[in-house]
**Q** 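Sharing a structure, written as structure tokens. Questions coming.
What you are looking at is a predicted structure, and each value in this text was computed from that prediction instead of being measured. Note that ligands are numbered from 1 as they come in the structure, with each ligand's atoms numbered from 1 the same way.
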Amino acid sequence: MKIAVFDTHRFEREALEKANVGGALGHELSFFEPMLTAQTAALAEGFPVVCVFVHDRLDAAAIALLAKGGTRLIALRCAGFNNVDLNAAGEAGIRVVRVPEYSPYSVAEHAMGLLMALNRKLPRAYNRVRDGNFSLDGLVGFDLHGKTVGVIGTGKIGAAFTRIAKGFGCRLLGYDAYPNQPLIAETGIEYVSLDRLYAEADVISLHVPLFKETFHLINAEALEKVKPSVIIVNTSRGALIDASALSDALKRKRIGGAALDVYEEEEDLFFRDLSNEVLQDDVLARLLTFPNVLITAHQAFLTEEALGGIAGTTLGNITAFEAGKPLSFELKA
Ligand code: NAI
């Protein structure tokens, strides 16, 4: 099928071409650098399939233009789908598929990597040593062993993170609309109310999807309920945290630190080299000034295994659509 791949980056192009086995699957991939939005949707004219990622904005206006141009399938090459208006797609007769699972380890391991790097001050230590400064002052961290880790959202990624934290010897608290029973048996995680998790956790790691109910889950009110030493880790979606409230709490030393792979206004920033530009986002600029904040630009999924899994499932979804087969990973409003 003719596929218009939007918001393409070098790191994924290779994986998609490899999954297309040199065209043997019969798909024709056209790579576009711009994000898919109402302003760029015209580029997809004549493409029955558009393939999109986390920052493409498939609102009602973009979807109407896609439908007009003959698009019949939106293939998300990610798990989260908060950027697609599923009602509008349904009304326009455009089907939507996603990649619900691809190496949950990639994200869970990055979450733990961020936590360790922030807690043990690894970026600061690395820069000091490279500069010939071998002093240890200001680099004191804490043992994770014996600490209480609160996992919010214990689906595939949250469960993988829980198992890693179990390996560190942490006490585990969980919060999820649907407690993961096998995970309780395996790790001893105790499901508690959000308030109790906030009150007891030394580390809080977010792994719930972004929905209306989870938007700004960590807001000013929640930040008053957590331990003053807590480290908050977010590798899920930026808007789970009210970034201004987080910045305010950090400034007031109300929390111990934040390790973030996602940011609520990341769409126009992340995945781009803006090192020659003046950063216009004042909240992000302020967050970057705190010594107890560590930010990566949405790279938790960036492992060979995850990229291969994403590409394979994405093209598998499209092949099934072309063959008129049932779409196992279809999203409906
Ligand atoms: P999943 O669907 O396996 O797990 C999500 C869990 O959240 C489920 O157990 C569900 O019951 C729970 N949940 C949903 N709504 C809830 C609510 N309102 N209250 C309490 N619990 C609720 O999803 P998975 O694969 O673990 O992914 C989690 C999120 O991670 C994705 O939605 C995505 O936003 C993010 N992600 C981030 C990546 C990155 O590179 N930073 C890459 C992949 C995913």
**Q** Just by distance, no angles: are the side chains of D273 and S275 close enough, under 3.5 Å, to form a donor-acceptor pair?
**A**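 Yes - a donor-acceptor pair under 3.5 Å links their side chains.
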**Q** Within the supplied structure, the quantity of interest is the number of heavy atoms (other residues, nucleotides, ligands) at a distance under 6.0 Å from F142 CZ; does it exceed 12?
**A**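 Correct, the count exceeds 12.
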**Q** How far is atom 44 (C) of ligand 1 from its nearest protein heavy atom, and which residue and atom name does that atom have?
**A**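 Here the closest protein heavy atom is I157 CD1, 3.6 Å.
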**Q** Using a strict 4.0 Å cut-off to heavy atoms of Y175, name the atoms of ligand 1 that fall inside it.
**A**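 Near Y175, meaning under 4.0 Å from one of its heavy atoms, ligand 1 has 20 (C).
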**Q** Just to be sure I'm reading this right: ignoring hydrogens, which of L302, V99, T235 gets closest to atom 41 (N) of ligand 1? Compare them by their nearest heavy atoms.
**A**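 Checking each option, the heavy atom nearest atom 41 (N) of ligand 1 is found in T235.
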**Q** Of the choices A297, P104, G158, P209, which has the non-hydrogen atom that lies closest to atom 32 (O) of ligand 1?
**A**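 When every heavy atom of A297, P104, G158, P209 is considered, P209 comes closest to atom 32 (O) of ligand 1.
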**Q** When you measure from the heavy atoms of V208 to every atom of ligand 1, does any distance fall below 4.0 Å?
**A**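 It does, in that a heavy atom of V208 comes within the 4.0 Å cut-off of ligand 1.
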**Q** Ring centroids only, cut at 6.0 angstrom: are F301 and F53 within range, meaning strictly under it?
**A**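 Yes - the distance between ring centres of F301 and F53 falls below the 6.0 Å cut-off.
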**Q** Which residue owns the protein heavy atom closest to atom 2 (O) of ligand 1, what's the atom, and how far is it?
**A**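 The answer is K156 NZ, 4.0 Å.
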**Q** Let me confirm one number: the CD1-CZ distance from I74 to R95, rounded to the nearest 0.5 Å.
**A**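 Between atom CD1 of I74 and atom CZ of R95 there are 12.5 Å.
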**Q** For E330, is the CD atom crowded, meaning more than 12 foreign heavy atoms sit under 6.0 Å from it?
**A**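 Counting neighbours around CD of E330, more than 12 heavy atoms of other residues, nucleotides or ligands fall under 6.0 Å, so yes.
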**Q** Not counting sequence neighbours, which residues clear side chain to side chain donor-acceptor pair (under 3.5 Å) with T37? List them please.
**A**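 Applying side chain to side chain donor-acceptor pair (under 3.5 Å) to T37 gives Q39.
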**Q** Answer side chain, backbone, both or neither: which part of T214 comes under 4.0 Å from ligand 1, heavy atoms only.
**A**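 Side chain only.
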**Q** Report the distance from atom CG of N292 to atom CZ of R124, rounding to the nearest 0.5 Å.
**A**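 That separation rounds to 9.0 Å.
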**Q** Under the criterion side-chain contact (heavy atoms from CB on, under 4.5 Å), which of V84, L76, V97 is the partner of L331?
**A**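 Testing L331 for a side-chain contact (heavy atoms from CB on, under 4.5 Å) against V84, L76, V97 leaves exactly one candidate, L76.
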**Q** Just checking E221: does its CD atom have more than 12 heavy atoms from other residues, nucleotides or ligands closer to it than 6.0 angstrom?
**A**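 For E221, atom CD is not crowded (no more than 12 foreign heavy atoms under 6.0 Å).
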**Q** Please confirm whether V262 comes within less than 3.5 Å of ligand 1 when only nitrogen or oxygen atoms on both sides are compared.
**A**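 No; every N/O pair is 3.5 Å or more apart.
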**Q** List the closest protein heavy-atom neighbour of atom 4 (O) of ligand 1: residue, atom name, distance to the nearest 0.1 Å.
**A**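 Here the nearest protein heavy atom works out to G155 CA, 3.2 Å.
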**Q** Which of the atoms of ligand 1 are close to Y178, meaning less than 4.0 Å from one of its heavy atoms?
**A**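 Ligand 1 atoms under the 4.0 Å threshold to Y178: 11 (O).
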**Q** To the nearest 0.1 Å, how far is atom 39 (C) of ligand 1 from its closest protein heavy atom, and which atom is that?
**A**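 The answer is H298 NE2, 3.4 Å.
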**Q** Which atoms from ligand 1 have a heavy atom of H207 less than 4.0 Å away?
**A**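 Answer for ligand 1: 5 (C), 28 (C).
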**Q** Should R13 and E17 count as an ion pair when the cut-off is N to O under 4.0 Å?
**A**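 Yes, charged N to carboxylate O under 4.0 Å.
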**Q** State the atoms of ligand 1, each with its element, that fall below the 4.0 Å cut-off from a heavy-atom position in V107.
**A**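 Counting atoms of ligand 1 from 1, those under 4.0 Å from V107 are 38 (C), 42 (C), 43 (C).
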**Q** Does S135 offer a backbone N or O that forms a donor-acceptor pair with the side chain of R128 under 3.5 Å?
**A**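 Between the backbone of S135 and the side chain of R128 there is a qualifying donor-acceptor contact (under 3.5 Å).
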**Q** Against ligand 1, does S236 come closer than 4.0 Å with any heavy atom?
**A**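 A heavy atom of S236 does come that close to ligand 1.
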**Q** Checking contacts here: is it the side chain or the backbone of Y102 that comes within 4.0 Å of ligand 1, counting heavy atoms only? Could be both or neither.
**A**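 The answer is the side chain.
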**Q** For atom 15 (N) of ligand 1, state which one of F215, F301, F211 supplies the nearest heavy atom.
**A**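 The option holding the nearest heavy atom is F211.
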**Q** D176 to ligand 1: N or O pair under 3.5 Å?
**A**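 Yes, since at least one N or O of D176 sits under 3.5 Å from an N or O of ligand 1.
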**Q** Name the option, out of G80, A306, A300, A177, that contains the heavy atom nearest to atom 20 (C) of ligand 1.
**A**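 Shortest heavy-atom distance from atom 20 (C) of ligand 1: A177.
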**Q** Can you find an N or O of R237 that's nearer than 3.5 Å to an N or O of ligand 1?
**A**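 It does: an N or O of R237 is found under 3.5 Å from an N or O of ligand 1.
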**Q** Quick one about T154 and Y191 (side-chain donor to acceptor, distance below 3.5 Å, no hydrogens or angles considered), yes or no?
**A**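 Yes.
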